[in-house]
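Everything quoted here is computed from the prediction, not taken from an experiment. Chain letters run A, B, ... following the sequence lines, proteins first and then strands; every chain starts at 1.
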Amino acid sequence: MASESTMAHPFEDAPNHVTPTVIHDPILSKTDFRSVGTRPLRPDGLDKVTGRARYGADFNMPGQLVGLVLRSPHAHAKIKKIDTSKAEKLPGVKAVVTAADLPDHTGGDQSMYDILENCMARGVAKYDGHAVAAVAAVDAPTARKALKLIKVDYEVLPHVTDVDEAVKPNAPLVNPRMLTEGVEPKPKKASNIAKRTEFGHGDVDAGFKEADVIVTRSFRTEQTHQGYIEPHACVASVSPDGTGELWVCTQGHFVYRNHCAMLLGMDVSKLRVTSSEIGGGFGGKTHVWAEPVALALSRKANRPVKVTMTREEVFRASGPTSASSIDVKIGARKDGAIVAADATLRFTCGPYYGMWAELGSMTAFACYDLKNVRTVGYEVLVNRPKTAAYRAPSAPMAAFAVESVMDELAHKIGMNAVDFRIKNAAKQGTRASYGPVYGPIGIGATLEAAKKHPHMKAPLGKNQGRGMACGFWFNFGGQTCTDINVGPDGSVTLTVGTVDVGGSRASIALCVAEELGVPYEQVKCIVADTGTLGHNDMTDGSRGTFSSSMAGIFAARNAITVLRERAARMWEIPVEHVTWEDGHAKAVGEKYGNLAPLSLKEIAAAAGNTGGPIAGHSEIVADGAGVSFATHIADVEVDPETGRSKIVRYTVIQDAGKAVHPAYVEGQYQGGAAQGIGWALNEEYIYGKDGRLQNPGFLDYRIPVCSDLPMIDTQILEIPNPNHPYGVRGVGETSIVPPLAAIANAMSNAFGVRMTHVPMSPPRVLKALEAAKKA
Amino acid sequence: MAEIHLWGALRPAAGGASTVSVDAKTIRELFRKLEETYPGMAPHIARGVAVSIDGRIYRDDWGRDLPEGSEIYLLPRIQGG
């Protein structure tokens with residue numbers, strides 16, 4: 001069992017440079033670190049602040065054309081005919097493509113077929129913004145003119161964009177062939193419910209009979225976008241010999257390569273993909289959108305083609321998160337023990353099958369030790385863009401609903417909200433609501449830290465309220481391939497295939513420096529193109545640092561084996577008498593112990609005479625990512641005249657396993673909280689009755705800027721993950737899970753009004769306040 | 001013979017059962033026998049199923065052993081952001 005050390009939390013002096021609270025775990029052999037846990041400057045920092053860093057739209061090729069996409073103005077329409085003849089004849093136009101130029105190579109893979117159809121409509125436009133054709137021309141004005149010359153004959157069909165409307169029996173069908181999965185007997189009639197799923201254990205109905213208090217509520221959350229600052233951009237170049245190259249902003253260039261190759265009918269090995277720096281992704285760049293279209297245009301034009309989405313296109317035609325509708329019922333005894341918990345979750349998927357309600361169903365009650373629990377999820381098709389992952393996908397909406405009811409229940413039985421959660425918190429050995437039994441986890445530790453945190457005792461001002469909430473995310477690992485090459489001067493090139501979205505190059509380099517026993521500055525980490533390394537899964541699921549640091553450590557160990565062999569040759573002694581310590585080969589034993597240690601630099605300098613280049617390699621499936629928990633505290637001030645809300649103080653407490661680069665961990669905590677605050681207070685897709693998106697721009701879709709936010713305080717806990725050599729857990733996603741509920745609970749505590757609809761924008765807050773006055 | 005716990009979406013393929021017994025020593029063998037015995041599970045396995053063995057979740061490595069007496073849960077192969 002882990003034991004917690006006691007460290008002061010210097011909150012007042014340095015709110016964002018706190019010392020992590022370390023929980024020592026004897027499973028891990030390595031607890032003393034020299035590089036890991038330090039805060040060196042990020043290797044990409046100078047390039048990014050001076051404008052030298054190259055993002056997706058910064059790549060250019062000789063002879064490059066401009067690619068633009070024609071998009072449906074209808075939420076749902078049959079495409080009766082597309083006439084591209086006038087556009088093709090326009091001087092300067094080099095290629096026009098439609099679905100006919102992207103034949104189906106998916107071989108019955110429904111998931112890939114959905115992606116193909118989403119990239120270019122095939123007979124039916126399924127949402128406002130769905131691509132129907134594209135052009136490549138010598139310049140943007142010509143391309144724009146060509147788009148206007150394409151004539152599309154639409155037959156407008158009935159549409160549905162609202163999650164609750166879509167599940168009604170007479171709702172317009174988004175996909176007339178969709179038969180609900182997961183129900184028995186298999187339905188014969190199509191509906192907008194793509195799938196039913198269920199998790200849980202125990203007897204929920206019997207559990208509720210033991211309850212002294214039961215709270216039942218329904219909630220809604222509106223669709224939001226990841227809001228990454230950099231729009232999607234790529235340059236595609238396909239040669240007549242069938243090979244191609246793609247420079248692209250993505251979270252996973254290997255996956256983009258595989259998907260694009262399949263959709264274009266190319267061999268994977270003949271498409272080389274290079275990832276650019278990335279101006280945010282948060283899940284939205286885990287999916288191809290315009291990239292296959294750019295490749296199809298380039299193939300047809302026999303010229304490189306650049307496609308850069310506008311902000312409006314990003315909103316209308318990339319992948320936002322789901323809108324949701326959730327019913328929650330929780331019962332507890334007066335002593336604070338929860339006896340049963342039940343939730344039904346309906347999540348939109350856009351027009352295609354998804355797993356978003358499934359993820360909400362798995363995460364909803366994951367923080368708690370429940371004997372009787374059930375979640376039922378419904379994947380709902382609507383005429384909106386194809387839903388994509390957004391940072392801990394679906395967990396924030398589920399947590400909003402569950403954590404709101406948890407707070408209300410605590411109040412009703414007269415318990416402090418933190419104590420109520422501590423009493424019911426999951427721990428090692430608890431059966432998770434989604435099935436398995438937990439190993440070492442940190443929800444209890446984050447709650448205890450929240451209880452002790454100075455924020456909890458700070459005075460509140462007028463019209464202010466304080467709320468807290470917990471959150472959970474799985475994290476995962478996946479396929480990872482990493483190389484280490486030692487240069488002749490002893491410097492180390494670390495080559496990874498996971499795109500750096502949040503500082504992973506520095507973090508992985510710190511782990512490799514730690515393992516090799518050399519200074520961090522001696523290790524240069526680069527993200528390789530797809531021709532250089534074996535397949536790497538994309539940077540999602542908080543896996544970048546977890547997976548690539550594990551592979552990097554294993555590659556370093558392989559390199560150390562080689563370094564020991566080379567030192568043995570230099571000394572002309574058996575390798576069994578050579579160890580590796582502090583970046584040096586050391587001879588051991590009575591016979592050789594007096595030999596002076598050889599540094600990595602000395603061994604590297606002699607490599608040409610001892611066997612050639614020195615390298616280490618690792619390819620792994622990095623399973624065993626530890627689950628992650630967080631507790632957040634929010635202080636909210638509401639203007640009762642306008643309904644405008646302001647976050648006046650915010651604290652994130654989260655388990656990192658081992659914080660490799662604490663500044664980046666804090667950055668992830670703060671970034672997730674900032675996005676969650678925007679989601680809670682302002683962000684939403686607004687559709688008109690015509691099914692068209694009304695606010696596809698940052699003027700009308702308001703994400704928080706610095707002046708909207710307080711300094712977000714962070715506290716890192718370290719409950720090591722026994723499945724990683726250094727105890728690392730993913731940290732990137734969990735921090736977006738609690739904010740919606742923490743802020744809703746703060747508002748409720750300020751005004752006694754339970755907010756059940758996110759975003760809690762000024763009109764909704766005013767409406768709730770007025771309703772409360774009347775009541 | 002391992003007892004395999006199914007999440008809700010898989011249960012219709014097993015006649016509504018929440019657990020099934022399968023004689024399998026690895027994840028690969030487990031999936032093969034599930035597809036043979038319960039063809040309705042094949043689309044789910046093709047789409048992605050993760051396996052929890054005594055609480056540790058494996059998304060990809062089908063070579064993993066299923067130790068005798070271990071607790072095995074099938075779960076959706078989750079996506080992340």
Side-chain angles (χ1 to χ4, degrees), chain A residues 109-111 181-186 195-201 226 251 281-284 286 321 353 355-356 358-359 361-362 375-377 388-393 432 434-439 473-479 537 540-543 621-625 627 723 730 732-733 736, chain B residues 2-20 26-28 30-31 34-35 37-67 69-81:
Chain A
D109 183 330
Q110 186 61 46
S111 170
E181 268 188 23
V183 292
E184 198 66 33
K186 195 175 173 75
K195 183 178 181 180
R196 179 192 183 276
T197 195
E198 183 176 334
F199 295 86
H201 53 256
Q226 299 86 350
Q251 288 176 247
F282 315 110
T286 59
T321 190
Y353 182 97
M355 65 173 313
W356 311 112
E358 198 155 57
L359 291 174
S361 301
M362 293 174 80
T375 54
V376 177
Y390 179 14
R391 206 167 192 162
Y434 57 89
V437 171
Y438 286 126
W473 181 245
F474 298 97
N475 300 330
F476 54 77
Q479 297 182 70
D537 286 341
D540 64 347
S542 301
R543 70 173 291 276
V621 174
D623 279 321
V627 294
N723 303 319
E733 294 174 282
I736 200 174
Chain B
E3 188 182 45
I4 312 298
H5 297 262
L6 309 176
W7 91 91
L10 287 187
R11 291 174 194 167
S18 58
T19 61
V20 294
T26 65
I27 293 175
R28 182 184 306 282
L30 169 65
F31 284 165
L34 283 173
E35 287 182 343
T37 314
Y38 309 104
M41 288 192 197
H44 295 275
I45 293 171
R47 200 180 290 137
V49 171
V51 181
S52 166
I53 305 172
D54 290 332
R56 182 168 171 171
I57 297 173
Y58 298 93
R59 289 169 82 235
D60 299 294
D61 191 350
W62 288 16
R64 287 282 165 185
D65 289 338
L66 305 178
S70 56
E71 184 183 75
I72 299 164
Y73 269 83
L74 299 189
L75 299 168
R77 188 181 183 279
I78 59 171
Q79 297 180 32

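Across A:Glu184, A:Arg196, A:Lys186, A:Glu181, a single residue satisfies side-chain contact (heavy atoms from CB on, under 4.5 Å) together with B:Pro12, and that is A:Glu184.
For A:Phe282, there are no ring-ring contact (aromatic ring centres under 6.0 Å, His included) partners, not counting sequence neighbours. Legend: residues meeting ring-ring contact (aromatic ring centres under 6.0 Å, His included) with B:Phe31, ordered by chain and number and at least two apart, are B:Trp62.
Shortest non-hydrogen contact noted between B:Leu75 and A:Pro436 is CD1-CG, 3.8 Å. Minimum heavy-atom separation, A:Gln251 to B:Gly81: NE2-O, 3.1 Å.
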Would you please test B:Arg47 and A:Tyr353 for side chain to side chain contact (heavy atoms under 4.5 Å, CB included) and show each step?
-> CA-CA 11 Å; B:Arg47 200 180 290 137; A:Tyr353 182 97; 2.4 Å; yes
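No other option in A:Gly284, A:Ala389, A:Gly435 has as many heavy-atom pairs under 4.5 Å with chain B as A:Gly435. Among A:Gly478, A:Gly200, A:Gly732, A:Gly182, the residue making the largest number of heavy-atom pairs under 4.5 Å with chain B is A:Gly182. Ranking A:Val621, A:Asp537, A:Asp623, A:Thr197 against chain B, the residue ahead of the rest is A:Asp623, based on heavy-atom pairs under 4.5 Å. In terms of heavy-atom pairs under 4.5 Å with chain B, the best-connected choice from A:Gln479, A:Arg543, A:Met362 is A:Met362.
Expressed to the nearest 0.5 Å, how far CD1 of B:Ile57 lies from OH of A:Tyr434 amounts to 4.5 Å. If you take CZ on A:Phe476 and CG on B:Asp60, they are separated by 9.0 Å, rounding to the nearest 0.5 Å.
Using a 4.5 Å cut-off between heavy atoms, B:Arg11 contacts chain A through its side chain alone, with no backbone atom that close. The part of A:Val183 that comes within reach of chain B is its backbone (N, CA, C, O), which places non-hydrogen atoms under 4.5 angstrom from that chain. Contacts of A:Gln110 with chain B are absent, with no heavy-atom separation under 4.5 Å from either backbone or side chain. With a threshold of 4.5 angstrom between heavy atoms, B:Arg59 approaches chain A through its backbone and through its side chain. For a residue to count as touching a neighbouring chain, one of its non-hydrogen atoms must lie under 4.5 Å from one of that chain's; by this rule A:Val437 touches chain B with backbone and side chain alike.
Without hydrogens or angle criteria, B:Gln79 side chain to A:Met355 main chain gives no donor-acceptor distance under 3.5 Å.
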